[in-house]
Amino acid sequence: MRTPRVIVIGAGAGGLASAIDLAARGLEVLVCERGPEEGGKLRQVHIDGIGIDAGPTVFTMRWIFDRLFADAGDSLESRLTLRPVEVLARHAWRQGGVLDLYADVARSAEAIGDFAGAADARGYREFCTRSAAVYRTLRETFIAAQQPSPVELVRRVGWSRLGEMWATAPHLNLWQVLGQHFRDPRLRQLFGRYATYCGSSPLTAPATLMLVAHVEQDGVWLVRGGMRAVATALANLARRLGATLRMGAAVRRILVERGRVSGVELADGEVLAADAVVYNGDVAALAQGMLGAEVRLAAPDTPPTARSLSAVTWCLLASASGFALHHHNVFFAEDYEREFREIFDRGAIAPHPTVYVCAQDRDAQPRAAGTSAATAPERLLLLINAPANGDTRDWPTEQVEELHERAAALLRDCGLELRGDPRQRIATTPRGFATLYPGSGGALYGRSSVGAMSTFKRPGAASRIPGLYLAGGSVHPGPGVPMATMSGRLAATRLLDDLGRGRLR
């Protein structure tokens, strides 16, 4: 019998995970990537020959990658050098205060007690207990499983465990749950940031996102070589298993014959036949006809009003002084609620947006906070949240420079001074992200999570077109490198299940 051939469109984490699982099962796999290298959002920009991670910066949920490599007959630790961090992130506020969160709950509770008082320290411990319970309830039934309906999710959890389902607080948003645990508004800001991990507002995101607290306590690792090394490890594993990766191979159309997928047509006109196709990109591109009219109905579009957050980022080489940076740092202004109302209601950026700073050379203890002489230049990524309107709005250079000054002003108010040559600074706007990720409008996380039912609006692994499967951060189980990786595995599993049932023959 002929070996089935699968084409994977997009060499991001989800596409590479699909390629690994399919090649490990003996299928012929070709990955077509329109860019010059694998990785998708795991990208770097280069300044004076120095690579700076410009996408995801946090490695969590290691168990997903351990399983992926083990199932392929390999091991994660033999391919990546990972080091667990003690300090998850350092947080600072313009109105005053600096707080480190630790991987150890007791140590974080002690720090919170010193920062905000005994009541909030108790609230934090209760919040951690609650988030761990939510994570345990949803890890195998939702995150690591094919997309369920609400009724199917209850069935998986078990009718005898309805109390555990109710503990996920489906009737509340994250902001409301945080108000139950924390009195200090700064702590509500800090933990409200978990909603942004899936591109959403804490004011409307489901309370289930509290599980991010446990994800971080379960382990955050630094990767030698940066997050770009994760993409390289995945790509190398796919190749070792026999998959072929073609860079600079942009897909113009997904071909359909007799109602099912038959292959792809590349931008240069080359036609490649396939028994199945895994699409690892924003599903909105399918609905908008960017991959051909034949597959427009494969998945639902994401209306602009339902898009997740975008961002304005700056990769730069600069010297830092006045504030002891860790690898991950977050700087807050006072009005966090306004930040999200401006983005989601007005399509604008608040006067003083929260600034995330990834100090990529701070892999050990933070350097001392020099108050006079600046330190040597280092690799930095600065990020502020932005509306996903990159397909409808220009982001002129002068506006981006003005935003950079506003971000730098907030950092100075918190004690951090950055000095560098503007020529060693590269910005990416929602317009740039819309170009990098077609169909997204610049949204970095697919559909925004609004309310308890929003997660069920993401499509699952099987599209509406037979033979076409979906992976990536815009589909179940959601955005982020680990979840996108899991989506690729779920797509491969569904494809292999259909192959076993004869649906691909």
Side-chain angles (χ1 to χ4, degrees), residues 8 12-22 24-25 56 58-76 82 131-158 161 164-165 167-168 170 194 197-198 206 208-221 230 233-234 237 278 280 283 445-447 449 452 454-463 469-498 500:
V8 178
L16 293 172
S18 277
I20 289 166
D21 278 344
L22 295 170
R25 293 291 295 273
V58 181
F59 189 89
T60 59
M61 300 176 78
R62 175 177 172 165
W63 60 271
I64 291 177
F65 302 92
D66 280 327
R67 286 185 184 181
L68 174 64
F69 277 72
D71 289 347
D74 210 311
S75 65
L76 181 67
L82 304 174
S131 69
V134 172
Y135 183 74
R136 286 193 301 270
T137 300
L138 298 179
R139 173 174 148 160
E140 300 299 331
T141 60
F142 184 82
I143 295 173
Q146 299 289 343
Q147 183 193 39
S149 67
V151 173
E152 172 64 14
L153 179 59
V154 171
R155 188 195 66 77
R156 290 179 188 175
V157 173
R161 298 167 60 197
E164 295 177 29
M165 280 297 299
T168 66
Y194 289 157
Y197 289 23
C198 67
T208 50
L209 289 180
M210 72 178 91
L211 64 80
V212 176
H214 186 73
V215 167
E216 290 191 332
Q217 291 149 11
D218 204 35
V220 174
W221 286 265
V230 177
L234 293 173
L237 177 58
V278 177
N280 178 57
V283 294
Y445 313 85
R447 176 182 286 269
S449 296
S454 59
T455 189
F456 300 103
K457 295 180 180 179
R458 291 178 179 271
S463 80
Y469 301 84
L470 308 175
S474 65
V475 305
H476 173 80
V481 177
M483 302 285 256
T485 301
M486 180 59 73
S487 79
R489 303 208 71 188
L490 293 174
T493 298
R494 184 61 185 267
L495 190 160
L496 290 165
D497 284 348
D498 288 349

In Å, rounded to the nearest 0.5 Å, how long is the span from [atom1] of [X] to [atom2] of [Y]?
{"X": "R489", "Y": "L496", "atom1": "CZ", "atom2": "CG", "answer": "10.5 Å"}
{"X": "K457", "Y": "R447", "atom1": "NZ", "atom2": "CZ", "answer": "6.0 Å"}
{"X": "L68", "Y": "L76", "atom1": "CG", "atom2": "CG", "answer": "9.0 Å"}
{"X": "Y194", "Y": "L211", "atom1": "OH", "atom2": "CG", "answer": "10.5 Å"}
{"X": "Y135", "Y": "E140", "atom1": "OH", "atom2": "CD", "answer": "8.0 Å"}
{"X": "R25", "Y": "L495", "atom1": "CZ", "atom2": "CG", "answer": "10.5 Å"}

Please check if the side chain of [X] supplies one atom and the backbone of [Y] the other of a donor-acceptor pair under 3.5 Å.
{"X": "S18", "Y": "G488", "answer": "yes"}
{"X": "H476", "Y": "F142", "answer": "yes"}
{"X": "R139", "Y": "A144", "answer": "no"}
{"X": "T60", "Y": "V220", "answer": "no"}
{"X": "S487", "Y": "G472", "answer": "yes"}

Atom of [X], atom of [Y] and distance for their closest heavy-atom approach:
{"X": "A491", "Y": "A471", "answer": "CB-CB, 4.3 Å"}
{"X": "S131", "Y": "M210", "answer": "CB-O, 3.1 Å"}
{"X": "P459", "Y": "V475", "answer": "O-CB, 3.3 Å"}

Trace of the side chain to side chain contact (heavy atoms under 4.5 Å, CB included) decision for L234 with F69: CA-CA 9 Å; L234 293 173; F69 277 72; 3.8 Å; yes
Between [Y] and [X], is there a side-chain heavy-atom distance shorter than 4.5 Å?
{"X": "R494", "Y": "L490", "answer": "no"}
{"X": "V481", "Y": "F59", "answer": "no"}
{"X": "L209", "Y": "C198", "answer": "yes"}
{"X": "N280", "Y": "L470", "answer": "no"}
{"X": "L16", "Y": "L237", "answer": "no"}
{"X": "I143", "Y": "M61", "answer": "yes"}
{"X": "W221", "Y": "V58", "answer": "no"}

Residues D66 and R62 bridged, charged N to O under 4.0 Å: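 Yes, charged N to carboxylate O under 4.0 Å.
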Between Y445 and Y197, ring centroids under 6.0 Å: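 That pair fails the under 6.0 Å test.
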